[in-house]
Number of protein chains: 2
Amino acid sequence: MTAPREATRDRILEAAEHVFADKGYHDALVDEVATATALSKGGVYFHFPSKEDLFFAVVDRLADRLISKVERESSTQPTAIGRAEAALTAVFSALGKRRRLARLLMVQGYSMGNAFERKRVELFGRFASLIRQRLDEASAAGEIPPVDTTIVAHIWLGAINELVIRWLYSGEPAPMEALPILRSVLVEGTRASHAGRVAGEAGNG
Amino acid sequence: MTAPREATRDRILEAAEHVFADKGYHDALVDEVATATALSKGGVYFHFPSKEDLFFAVVDRLADRLISKVERESSTQPTAIGRAEAALTAVFSALGKRRRLARLLMVQGYSMGNAFERKRVELFGRFASLIRQRLDEASAAGEIPPVDTTIVAHIWLGAINELVIRWLYSGEPAPMEALPILRSVLVEGTRASHAGRVAGEAGNG
DNA sequence: TCAAGACGACCGACCGGTCGGTCGGTTGCG
DNA sequence: CGCAACCGACCGACCGGTCGGTCGTCTTGA
C-alpha cells in the first residue's frame, strides 16, 4: 500500500491544495506547486497531465472527504428532519472551521473561467443532494410539506455558501454565531413552507 | 448633457458589459472591448486607466441600476415584511430575467483573483442592505422576531445567489418556478425564527 | 555474481503564444 | 495653431507545457 508513486501524488495534491486555496486557480503557478512539493515542474507534469486536471483532482478529493464526513455525522439522528438539520450543521461547521477548504470549494474555482461551470454544477449538486435526500425522507415521513426538495436544498446550500464566503472575506460573523439563526430560519421555513409545485412532478430535472 | 466624451465612455461601458459577462474578467480582452466599441485599444485606455478600473466601473453601474430598481419596486407595499418580500422578489426576478446582469454580478468577478474580494464584500453588502433595511423595519414593527437582520439578509441573498447561479449554469429551474418556494421558505422561516441573538445588540455590524 | 540493459521517476532549460499597457503619431474641430 | 480624442504597432513580462537528458533501481542471463 501507498506505493512511493501514490505517495508523491498525494504530496503534490497536498501542496496544490495550499497553493490553489491561497492564490486561486489562475494566480497559482505550477512552479509554486512543484517547489512546495520539493519537485520540479516536470515532476508535477509526470503525475498530472495539466494544471486543470490537477485542480480538479484537488477539488474532488476534498469534496469526497467532506461528503463522507457529513454523511457520517448526520446519520445518527432519529428523525428525517433531524438528519436534514444535522447535514446543514455539518456542512456549515466543517466549512466554517477550515478556511482553506472553504476557499477552495466555494471561491477559487471561478478564476478558471467558464471552464469551471461544469464542475461547479457537479460540485454544488453533490452537496445539495446531501441535503435533498434527507428532505425527501422528511417529506415522505410527513415531517415537512411536500415541496420541491431540490429547490429547497439549493436554498439551504446557498445560504450556507453566502455566510461562509462573507466570513472568509470579512471575518464576520463567526460561523458558530450565525449557525443558530441559519438553522432556525431554514428549518422553520421549510416546515412552514406552503407554496410551489405541491402536486405532480417535483423532480423533473 | 451627454457630452460626446461621456457618450463614448458609455459606449465603452456598454461593450465591456457584454464582453465581461461572456468571457469573465480574465478571459475578456481589452482588444475585444475596443473592437466592440469601434475603437482602438488606445482609445479605451484614454477613457479608463486600466482593465481593472473598467471592470469595476461596469459592475458599479449595473449595481446602481439594480438597486434603484429594487428600491422603487419594493417601496409600494404597505407592511414592512411586505416590502422585504418585495425586495426579495425584485432582486431575484431582475437577475432571473437578465442573464448578462446576473453573470456579471454574481460570477464573472471571481476570475479577477483575490483582488475581487474587497469588491465582492462591498457589492453583496449593498444588496444585503436592501433586504436588511426592510427587515429592520419589520422587526421594529413587531412583524418578525428580533433576530440579527444582517445575518438573515445574507441568508436571503445567499439563497437568491445559489438559485440564480444554478439557473445560469444548468438552465433550471426557471426563476419564475422557483420564486414561490423561495419566498415561502425565507419569509415564513424569518417569521418563525426563534434562535440567535434575541436580546441586547442585534446590529453590531 | 555482476555487467548490461531497461525503465520509472524526475529534472530544468527552453519554447512560444498571449495580452495588458505604452507611446509617438494622426486627425479634426474651434 | 492647439488641444482633445483617438490610432495601432510595438514592447516585454509572464507561464503552461515540452523534451532531451540524468540517476537510481530492478531485471536478466551467462
Side-chain angles (χ1 to χ4, degrees), chain A residues 1-59 104 108-116 119, chain B residues 1-59 104 108-116 119:
Chain A
M1 305 304 108
T2 47
R5 166 147 194 174
E6 288 302 309
T8 303
R9 213 186 122 93
D10 278 355
R11 272 168 46 223
I12 296 173
L13 286 170
E14 202 76 30
E17 183 184 317
H18 281 76
V19 175
F20 282 130
D22 281 355
K23 310 287 187 81
Y25 178 83
H26 178 68
D27 290 342
L29 307 185
V30 177
D31 273 315
E32 290 181 282
V33 176
T35 303
T37 322
L39 231 55
S40 72
K41 182 150 64 173
V44 172
Y45 275 95
F46 179 79
H47 289 275
F48 295 92
S50 72
K51 183 183 178 182
E52 202 172 295
D53 282 83
L54 174 57
F55 181 75
F56 285 151
V58 169
V59 168
L104 236 160
Q108 300 295 35
Y110 291 101
S111 79
M112 271 190 64
N114 298 345
F116 184 60
K119 199 71 190 177
Chain B
M1 307 298 110
T2 47
R5 167 145 197 176
E6 288 303 308
T8 303
R9 214 186 123 94
D10 277 355
R11 272 168 48 224
I12 297 173
L13 286 170
E14 203 74 31
E17 183 183 317
H18 282 75
V19 176
F20 282 130
D22 281 354
K23 309 288 187 80
Y25 178 82
H26 179 68
D27 291 340
L29 307 184
V30 177
D31 273 317
E32 291 180 283
V33 176
T35 302
T37 321
L39 229 53
S40 73
K41 183 149 65 169
V44 172
Y45 274 94
F46 179 79
H47 290 274
F48 295 91
S50 72
K51 183 183 177 182
E52 202 171 295
D53 281 85
L54 174 57
F55 181 75
F56 285 152
V58 169
V59 168
L104 236 161
Q108 299 296 35
Y110 291 100
S111 78
M112 271 190 62
N114 298 345
F116 185 60
K119 199 71 190 178

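Small disclaimer: the values here were computed from a predicted structure and weren't measured. Order of the sequence lines sets the chain letters (A, B, ...), proteins ahead of strands, with each chain counted from 1. No hydrogens, no waters, no symmetry mates; every other heavy atom, side chains included, goes into these values.
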Side chain to side chain contact (heavy atoms under 4.5 Å, CB included) between B:Lys23 and B:Glu32, worked out: CA-CA 10 Å; B:Lys23 309 288 187 80; B:Glu32 291 180 283; 2.4 Å; yes
Please give, in whole Å, the distance from [N] [atom2] to [X] [atom1]?
{"X": "A:Arg9", "N": "C:dG8", "atom1": "CZ", "atom2": "C1'", "result": "16 Å"}
{"X": "B:Arg11", "N": "D:dA5", "atom1": "CZ", "atom2": "C1'", "result": "11 Å"}
{"X": "A:Glu52", "N": "D:dC15", "atom1": "CD", "atom2": "C1'", "result": "15 Å"}

In terms of ring plane angle, is the pair A:Phe55 and A:Phe20 parallel, tilted or perpendicular, where the classes change at 30° and 60°? perpendicular
Can you tell me how far apart CG (A:Asp10) and OG1 (A:Thr37) are? Round to the nearest 0.5 Å. 11.5 Å
Using 0.5 Å steps for rounding, measure from the CG atom of B:Leu54 to the CD atom of B:Glu17. 11.0 Å
Report yes if a side-chain nitrogen or oxygen of A:Arg5 is closer than 4.0 Å to either non-bridging phosphate oxygen (OP1 or OP2) of C:dA9; otherwise report no.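 Checking C:dA9 against A:Arg5, a side-chain N or O does come within under 4.0 Å of OP1 or OP2.
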Counting only side-chain nitrogens and oxygens, does B:Thr8 get under 4.0 Å of the OP1 or OP2 atom of D:dC6?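 For D:dC6, OP1 or OP2 has a side-chain N or O of B:Thr8 closer than 4.0 Å.
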DNA chain D-proximal residues of residues 26-51 of chain A, any heavy atom under 4.0 Å: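 Within this stretch, A:Ala28, A:Leu29, A:Val30, A:Lys41, A:Tyr45, A:Ser50, A:Lys51 sit under 4.0 Å of the strand.
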Could I get the full list of side chain to side chain contact (heavy atoms under 4.5 Å, CB included) partners for B:Ala34, not counting sequence neighbours?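 For B:Ala34, the residues satisfying side chain to side chain contact (heavy atoms under 4.5 Å, CB included) (neighbours in sequence not counted) are B:Val44.
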Within the 4.5 Å heavy-atom criterion, are B:Asn114 and A:Asp27 side-chain neighbours or not?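 A side-chain contact under 4.5 Å is absent here.
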